[in-house]
Asker: 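This structure is in structure tokens; I'll ask about it shortly.
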Amino acid sequence: MTYYQLSTLCFILIIINDGLYALNNGLALTPPMGWLAWQRFRCTIDCNTFPDECVSEQLFKTTADLLVSEGYAQVGYEYVIIDDCWLEPNRTVEGKLQADKKRFPNGIKALADYVHSKELKFGIYENVGSKTCEGYPGIEGHEEVDANTFAEWGVDYVKLDGCYIDEHRMDIGFPQFGKYLNKTGRPIVYSCCWPFYQEGKGMKVNYKLVAENCNLWRNYGDIQESYSSLMGVVDVFAAKQDYWAQFAGPGHWNDPDMLLIGNFALSYEQCKTQMALWAVLTAPLMMSNKLSTVRPEFKSILQNKEIINVNQDKLGIQGRRIYLDQGIDIWAKPIEPIDEEYYSYALAFVNRRTMGTPFVYEISLKNLGLTNPKGYIIMNLYTKDDTVKHILKPSSQIKVLTNPSGVVFLKANVVTKYHFTKFEYTMDNDTFLFK
Ligand code: GLA
């Protein structure tokens, strides 16, 4: 069996498998999209020095406003999620969690109501152990009351972290809190940091159990504000893809962590690379940026509807790195439409070379695993150039010109019988250049 037959077989097996692992709350049937405070705002609690950047009611209200007014909500970003450092150091006398009274003067329910008034959804952070990673009260010993509190407040998404607990106890703690969330009767997306801590300790993670109990889960350490951190996460996902990818599917997703796009460290090329790879990985698309200062070129990356569609493809198949060649990494994700047994594909060509010049990579469709004898119509998802008048056959060669640390992201749509009657012109031997 060739490598491509093998990878096609793997993809088919994933689809047959799909549903076996699903958490049955009917949520997150495509990767959740939204905004999460942590990467950009961390535990900033000094509102005197950072009035518009501290973890406060104001930050989340402004974010909700901008998600709508800047067009992010319209393309699918819907969750506004608080991370760590929102709590008072103590529970109420009745034993309930309470938000920091200075920074959230109207409490969480009022904030959730505000977010809902914008037709967005509201998420919150807690920790399965005794304390959050930053030392605020955790849920341990209060699981049921906390799940009920979240439901009363109108929470739609919970990120549950894994500090201050023995990793072996996570296999009980995470499912138990999920059951309490379900018992509230409120639809709440459940994001678990469980595998990340167990992987970190070198434990064998029971991903089947994770996927049965969580809608998404972090597999690996925190993404940081640098391209090397970003590509470090990506390389781990590639190294583990033959095991991890099978657990992704509608309702249950691997999570490589937040989008860094629109912040300080990544260049334009690098931001394009992250967006393409997060689409290929069927990753949750959680921005973590200061929306009021995101420059237009970064906003257009975040709002690229074609790329979002790849990420949100209904099949929910996690893509894989299929080549590392001459410093070009090629990633492929099967997507709709499907014709007979042939998938369409999203294909990301990522330039890992450190020489300053752009690089041209040449390959046939067949060698990318694109074997539909009727052929493909290919679109460049950033430039929107396409081969619309031409059908490329498996034997067709394409040339792909990528900039250092950049990406060319293509969608190869399988040609159907319908297309066949529409297009007279087919290409067998010509070479297309995508850049
Ligand atoms: C951990 C998580 C991060 C963030 C912080 C908050 O490090 O992995 O995503 O939630 O805790 O303290």
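Since the structure is predicted, the reported quantities are computational estimates derived from the model, not experimental observations. Remember, it's 1-based here, ligands and their atoms both numbered in the order they're listed. One is the number of the first residue; the rest follow in order along the sequence.
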Asker: If you have a sec, work out which protein heavy atom is nearest atom 10 (O) of ligand 1 and how many Å separate them, to one decimal?
Answerer: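 For atom 10 (O) of ligand 1, the nearest protein heavy atom comes out as Asp83 OD1, 2.6 Å.
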
Asker: Applying a strict 4.0 Å limit to heavy atoms, is Arg218 in contact with ligand 1?
Answerer: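 Yes; Arg218 lies near enough to ligand 1 that a heavy-atom distance drops under 4.0 Å.
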
Asker: In ligand 1, which numbered atoms sit nearer than 4.0 Å to a non-hydrogen atom of Tyr125?
Answerer: 6 (C), 10 (O), 11 (O), 12 (O)

Asker: Hey, what do you get for CG (Leu401) to CD (Glu362), rounding to the nearest 0.5 Å?
Answerer: 12.0 Å

Asker: Verify side-chain hydrogen bond (donor to acceptor under 3.5 Å, both in side chains) between Trp194 and Asp171, making sure each step is shown before the conclusion.
Answerer: CA-CA 8 Å; Trp194 166 11; Asp171 288 6; 2.9 Å; yes

Asker: Under 6.0 Å between ring centres: does that hold for Tyr243 and Tyr207?
Answerer: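 That pair passes the under 6.0 Å test.
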
Asker: Is a salt bridge present between Glu306 and Lys411, judged by a nitrogen-to-oxygen distance below 4.0 Å?
Answerer: yes

Asker: Identify the closest protein heavy atom to atom 2 (C) of ligand 1: which residue and atom is it, and at what distance?
Answerer: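 Answer, as residue, atom name and distance: Asp161 OD2, 3.3 Å.
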
Asker: Ligand 1 and Asp222, any nitrogen or oxygen pair closer than 3.5 angstrom?
Answerer: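 Min N/O separation from ligand 1 is below 3.5 Å for Asp222.
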
Asker: Would Lys61 and Asp65 count as a salt bridge (Lys or Arg N to Asp or Glu O under 4.0 Å) if you check the C-alpha gap in whole Å, the side-chain angles of each, and the deciding distance to 0.1 Å?
Answerer: CA-CA 6 Å; Lys61 285 171 94 170; Asp65 292 345; over 6 Å; no

Asker: Identify the protein heavy atom lying closest to atom 9 (O) of ligand 1, giving its residue, its atom name and the separation to 0.1 Å.
Answerer: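 Residue, atom and distance for the closest contact: Lys159 NZ, 2.7 Å.
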
Asker: Output yes when the distance from some N or O of ligand 1 to some N or O of Tyr197 is under 3.5 Å, and no in every other case.
Answerer: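 In fact, backbone or side chain, Tyr197 has no N or O that close.
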
Asker: For atom 12 (O) of ligand 1, what is the closest protein heavy atom, and at what distance to 0.1 Å?
Answerer: Asp84 OD2, 2.7 Å

Asker: Can the ring centroids of Tyr79 and Trp35 be said to lie less than 6.0 angstrom from one another?
Answerer: no

